[in-house]
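Report on the structure given below.
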Amino acid sequence: MKLNPISPFCYEIPRTGDMRVPGRIFMSRRMAAGLSEEEALKQVANVATLPGILTAAMAMPDMHWGYGFPIGGVAAFDWKTGVISPGGVGYDINCGVRLAATGLEEKDIRPVAERLVTALFQNIPTGVGSTGSVKLSVKDELKVLKQGGAWAVRQGLGDAVDVERTEDGGCMAEADPSVVSQRALERGLKQLGTLGSGNHFLEVGVVDEIFDEDAARAFGLFENQITVLLHTGSRGLGYQVCDDSLAFMNKHVKTLGIRLPDRQLACAMIRSPEGERYFAAMACAANYAWANRQILLHRARETFQQVLGIGPRDLDMHQVYDICHNIAKRETHIVDGNPRDVCVHRKGATRAFAPGHAAVPAAYRHVGQPILIPGDMGTASYVLAGTQKAMEESFGSTCHGAGRVLSRKAAKKQSKGRAIHRELADKGILVKWSGRSTLAEEMPDAYKDIDQVVESVHGAGISKKVARLRPICVIKG
DNA sequence: ATGTTC
């Protein structure tokens with residue numbers, strides 16, 4: 001695939017064949033030189049052929065191959081003439097990240113780290129098919145799908161301010177539980193408040209370095225501060241919503257009469273019964289994910305208090321922000337100088353709204369929206385802030401994480417004979433996990449260098465570095 | 001990512 005540098009941190013796939021717009025990849029020269037993502041680049045070009053796509057099919061430096069659309073991809077479609085596609089969101093609808101800061105410092109946690117990680121692992125169900133964190137009736141589940149994070153707070157599983165510091169207030173109003181299948185409801189019934197598996201985790205970390213004092217102060221972050229970072233999504237419910245939607249979209253797309261370069265790009269006009277049905281079901285799964293992360297934060301608060309023998313006031317575990325990185329949203333963006341109503345697909349990409357945007361919580365509005373970028377479990381995670389340049393160049397979007405370089409299979413092979421948990425322990429990172437091959441599949445070597453990913457988006461100007469976090473304890477599924 | 005191939 002031919003890539004033309006159009007600026008020091010942006011490369012273009014020129015328009016050819018059925019492409020309606022070019023492709024655009026945000027990455028440093030160094031990452032471009034090491035790029036071996038031919039299949040993912042082809043997927044960017046494929047997305048560029050879809051009806052109603054605006055400006056360019058975009059990808060972030062953490063891009064890799066995904067279902068139809070690349071992971072690390074951003075695609076915005078005109079609301080009236082464009083399409084919506086489950087492949088542009090991903091199977092784990094509203095997979096996302098939540099960060100809480102505490103009143104504690106590293107010295108308060110080091111002596112109890114072993115007990116803390118053990119207690120977190122006991123109190124939070126992990127792994128494929130994990131259940132049992134909260135008891136839910138079907139009636140309550142429908143409320144979760146409609147209300148999102150606020151439902152959990154109403155149950156006493158969090159604070160009102162948690163919801164205020166969540167993207168979209170932890171709720172997409174377009175949710176319509178009547179379009180969610182019985183099977184999806186069944187899968188969701190017992191999984192609320194569970195972590196899941198794969199790259200999902202809950203991590204106790206420490207603020208390692210501050211890059212932007214003003215933004216860090218606004219976000220309530222200071223050096224040596226203990227943080228909790230958690231990464232999970234909508235579990236089996238979201239997976240089932242995606243699966244159900246792909247089934248009816250595949251049927252529907254045959255009636256559209258458009259030629260798709262890949263059947264995994266199955267889609268519908270946004271303003272069609274099929275498009276609206278997917279959007280309404282997707283929003284339900286998004287709300288479920290926000291309730292899920294809300295409950296996990298509550299479990300973390302309970303566990304810290306139990307292990308440290310302190311009350312909520314001394315713990316002071318307060319939410320910094322919660323973002324989604326697998327979602328489609330209705331947003332207004334300036335396109336060719338005019339405001340346009342668009343449907344932005346972010347799949348393995350994060351919203352990065354600029355200072356002054358009304359969707360950014362008031363306390364953060366002068367510095368921009370917080371962005372949470374988890375690294376692999378052996379290195380670091382980053383807090384960034386949204387920028388005006390992101391509004392202008394990437395539909396208010398940035399990267400989402402390190403991005404895989406090794407397939408799960410390849411990672412397992414490379415880890416043979418190694419004790420990954422010991423390698424991490426040598427770096428001062430305690431890890432507890434449930435899946436037989438989780439640690440091998442998720443080992444640091446399986447991921448790109450998070451520092452390079454973050455330098456790319458910082459260099460491109462689509463977000464700016466605020467702080468780096470270093471892990472101390474990690475639980476995984 | 002996923003009751004990891006209803």
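All chains are named by letter (A, B, ...) in the order of the sequence lines, taking the proteins before the strands, and each is independently numbered beginning at 1. All of these numbers come straight from a predicted model, not from anything done at the bench.
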*Touch class at under 4.0 angstrom, heavy-atom based, for A:Gly90 against every strand present*: nothing
_Protein-nucleotide distance (A:Ile71, atom CD1; B:dT2, atom P), rounded to Å_ = 13 Å
_Between P of B:dT4 and NE2 of A:His200, the distance in whole Å_ = 16 Å
*asked:* I need the CD-P distance between A:Glu442 and B:dT2, as an integer number of Å.
replied: 11 Å
*Whole Å only: how far is the CZ atom of A:Arg183 from the P atom of B:dC6?*
8 Å
_In terms of relative ring orientation, are A:Phe201 and A:His231 parallel, tilted or perpendicular, with 30° and 60° separating the classes?_
perpendicular
*asked:* With a cut-off of less than 4.0 Å, is there a side-chain N or O of A:Ser197 near OP1 or OP2 of B:dT4?
replied: no
*Contact summary for A:Met269 and A:Leu256, nearest pair of heavy atoms*: CG-CD2, 4.5 Å
*asked:* In the structure I gave you, are the side-chain heavy atoms of A:Val474 and A:Val204 within less than 4.5 Å of one another anywhere?
replied: no
*Roughly how many Å is it from CG in A:Asp244 to P in B:dC6, rounded to a whole number?*
14 Å
_Using whole Å, what does the distance between atom C1' of nucleotide B:dT2 and atom CZ of A:Arg436 come to?_
19 Å
*For the residue pair A:Ser397 and A:Arg351, confirm or rule out a side-chain donor-acceptor distance under 3.5 Å.*
no
*Can you tell me the distance, in whole Å, between the CD atom of A:Glu186 and the P atom of B:dC6?*
14 Å
*Listed in order of residue number, which residues of residues 232-243 of chain A have a non-hydrogen atom at under 4.0 Å from DNA chain B?*
A:Arg235, A:Gly236, A:Tyr239
*Looking at A:Tyr288, does the NZ or CZ of A:Arg235 lie under 6.0 angstrom from its six-membered ring centre and within 45 degrees of the ring axis?*
no
*Should A:Glu423 and A:Arg418 count as an ion pair when the cut-off is N to O under 4.0 Å?*
yes
*Rounded off to whole Å, could you give me the NZ-to-C1' distance for the A:Lys190 and B:dT2 pair?*
18 Å
